[in-house]
A.B. asks: 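Could you have a look at this structure, given as structure tokens, before my questions?
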Amino acid sequence: MGLIGGSGLGLPMAVEVEIVEVSIEVTDTAKIAIEKSMSEDGEGSVLVISAESGGCSGYMYDMKIVDRPNEEGYQSISVGERTIMIHDRDSNLLNGIVLDYKDTLMGGGFQITNPNADRSCGCGQSFG
Amino acid sequence: MQTDLAAVDSRLVDDMNLEDSRPTTLIEGDDVEEVLSSISTVKIEPSYPGSVSRAVICDPVGRTIDAPYVVHDEAGLILLHLCDGKPEYLSSIARNLSKKGGSVRDASLVISRVFQDGGAPEQGDDIFIHSIGIENDFKIRISSDDEYVDSSSPSFLDFALAQGGITEYHLGGRYLPHEIGLSEFIKLENGCYPGQEIHARLDSRNPVTKRLVRIRCGKNLGGRLITEDGKLKIFTPFVDFFAHAIADEGVVDGVINHKGIDVEISTIHSAF
């Protein structure tokens with residue numbers, strides 16, 4: 001049975017995650033890069049941006065091109081012909097981000113500037 | 001004045017049932033070990049219910065925030081926090097788990113933890129963490145009832161300072177895990193975690209040689225203690241003759257005489 005008796009769902013929540021309506025800015029270069037990256041993907045594909053725990057500053061950005069998630073809990077942002085989706089649980093961390101793309105040999109690729117981050121890692125993939 | 005350390009009371013702990021009232025949390029959902037490992041200095045592997053692991057959580061500059069015991073349970077992972085309040089990093093865990101239907105729940109009211117003498121009888125389904133304390137004479141009893149609790153004496157701070165326990169004085173981002181008796185839980189192969197860059201740089205360029213020691217003496221010393229072999233920074237109050245300090249590498253265990261007062265120094269190898 002274990003100490004908690006098989007299910008802890010009767011216990012009070014210790015932490016509630018705040019959900020906000022997400023607004024993000026995508027630069028022109030990022031829009032072109034998104035279109036290019038998704039050019040071979042069908043209309044049902046979307047770009048999911050998320051914040052996972054970990055990295056050297058506490059959270060790590062993740063970007064994935066996936067089939068549009070069926071489950072509820074995602075917010076959609078249209079970028080030209082494409083759609084960016086952000087999970088409700090990441091909404092207060094990712095609200096207000098600026099998604100840019102830098103075409104440089106070193107440190108290039110998608111870049112995220114996040115007004116909610118107190119600190120970020122040199123590699124640009126982790127923030128806290 | 002010469003102080004006879006033998007006469008210093010190392011407290012009576014026979015039949016001790018000392019309650020540890022710090023917060024307890026249940027984290028439940030898919031990949032719960034992976035989520036906790038992503039912010040811990042050591043990887044938490046899936047294990048059978050009733051087994052106990054240890055996580056150490058640091059801030060981005062590698063200083064210790066918490067070092068919870070992790071009890072593997074059928075319901076998820078039970079974190080026995082060492083910090084006094086609910087730690088902020090639970091928000092990060094909650095965010096990840098809740099995307100897959102998991103959650104972070106307050107288990108403080110259903111789980112009790114009690115420090116006991118090592119020889120106290122064991123029965124039932126309770127979980128025990130054995131061999132804690134400077135002389136490995138104590139254990140932690142984790143149970144889902146509170147029939148064993150007697151929080152009257154000694155106080156938790158008394159006990160922790162006398163036996164090498166971690167208190168709020170050790171946490172809060174003040175010290176590296178290496179400096180407070182948690183070196184064995186720094187595993188750089190766990191990959192990226194908050195503080196990992198600092199720990200990796202220390203490991204390769206400037207290994208931490210300072211260590212946590214217990215000081216016992218008959219007088220309340222404060223601040224910095226300078227010996228022939230190096231310095232000791234006393235960072236806790238003295239409670240009933242005991243305090244904790246961070247010692248330079250050269251400081252050796254044993255009794256030294258400091259301005260006429262005998263001071264006993266004992267390394268805390270694995271803080272609980």
Side-chain angles (χ1 to χ4, degrees), chain A residues 1-20 22 48-62 64 66 69-75 85-95 114 116-128, chain B residues 23-28 34-40 49-50 57 59-62 71-76 78-79 86-101 103-112 125-127 142-145 191-198 200:
Chain A
M1 282 291 284
L3 283 177
I4 295 192
S7 171
L9 299 182
L11 299 176
M13 299 287 272
V15 181
E16 297 278 5
V17 181
E18 186 190 5
I19 298 171
V20 301
V22 176
V48 173
I49 304 177
S50 59
E52 308 293 335
S53 61
C56 12
S57 295
Y59 292 103
M60 260 188 328
Y61 297 115
D62 193 22
K64 285 179 186 162
V66 297
N70 289 325
E71 65 262 39
E72 292 181 355
Y74 281 90
Q75 298 185 35
M85 297 186 82
I86 290 177
H87 200 287
D88 279 343
R89 304 298 180 183
D90 293 331
S91 60
N92 69 335
L93 276 182
L94 299 181
N95 184 32
N114 190 340
N116 307 301
D118 295 328
R119 56 185 177 267
S120 57
C121 174
C123 66
Q125 294 178 10
S126 179
F127 70 103
Chain B
T24 302
T25 304
L26 170 72
I27 59 175
E28 60 87 21
E34 192 180 319
V35 171
L36 181 57
S37 297
S38 71
I39 58 167
S40 169
I57 317 294
D59 63 17
V61 290
V71 179
H72 298 256
D73 192 81
E74 286 180 2
I78 302 168
L79 307 186
K86 185 174 67 180
E88 278 188 27
Y89 65 80
L90 291 179
S91 300
S92 164
I93 294 175
R95 189 179 306 279
N96 266 26
L97 290 176
S98 63
K99 289 181 197 172
K100 300 174 187 171
S103 59
V104 175
R105 292 177 183 267
D106 185 354
S108 300
L109 293 176
V110 295
I111 300 293
S112 73
D125 297 328
D126 296 348
I127 294 166
I142 305 157
S143 64
S144 52
D145 59 57
C192 211
Y193 59 80
Q196 182 260 351
E197 280 182 291
I198 307 296

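Since we're looking at a predicted model, the values are computed, not measured. Lettering follows sequence order; numbering is per chain, from 1.
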A.B. asks: So if I apply the side chain to side chain contact (heavy atoms under 4.5 Å, CB included) rule between L11(A) and each of V110(B), V104(B), D106(B), which one comes out positive?
C.D. replies: V110(B)
A.B. asks: Which heavy atom of A14(A) sits nearest a heavy atom of K86(B), and at what distance?
C.D. replies: O-NZ, 2.6 Å
A.B. asks: Please check: side-chain N/O of S92(B) versus main-chain N/O of S53(A), any donor-acceptor pairing under 3.5 Å?
C.D. replies: no
A.B. asks: Relative to chain A, which segment of L90(B) carries a heavy atom at a distance below 4.5 Å: side chain, backbone, both, or neither?
C.D. replies: both
A.B. asks: Between E52(A) and K99(B), is there a salt bridge with N-O shorter than 4.0 Å?
C.D. replies: yes
A.B. asks: What part of D88(A) gets within 4.5 angstrom of chain B, counting heavy atoms only: side chain, backbone, both, or neither?
C.D. replies: neither
A.B. asks: Give, for atom CE of M60(A) and atom CD1 of I39(B), the distance between the pair rounded to the nearest 0.5 Å.
C.D. replies: 12.0 Å
A.B. asks: For R89(A), does its backbone N or O pair with a side-chain atom of R95(B) as donor and acceptor, under 3.5 Å?
C.D. replies: yes
A.B. asks: To the nearest 0.5 Å, what is the distance between OG (S144(B)) and CD1 (I4(A))?
C.D. replies: 9.0 Å
A.B. asks: Given heavy-atom pairs under 4.5 angstrom as the criterion, report whether the side chain, backbone, both or neither of E28(B) touches chain A.
C.D. replies: side chain
A.B. asks: Can you tell me how far CD1 of I19(A) sits from OG of S98(B), rounded to the nearest 0.5 angstrom?
C.D. replies: 8.0 Å
A.B. asks: Let me know if I142(B) has heavy atoms under 4.5 Å from chain A in its side chain, its backbone, both or neither.
C.D. replies: both
A.B. asks: Could you have a look at S108(B), C192(B), S37(B), P60(B) and say which one has the most heavy-atom pairs with chain A under 4.5 angstrom?
C.D. replies: P60(B)
A.B. asks: Pick one of side chain, backbone, both or neither for V15(A), based on which atoms fall under 4.5 Å of a heavy atom in chain B.
C.D. replies: both
A.B. asks: When heavy-atom pairs shorter than 4.5 Å are enumerated against chain A, which of I78(B), L109(B), T25(B), D125(B) gives the highest number?
C.D. replies: I78(B)
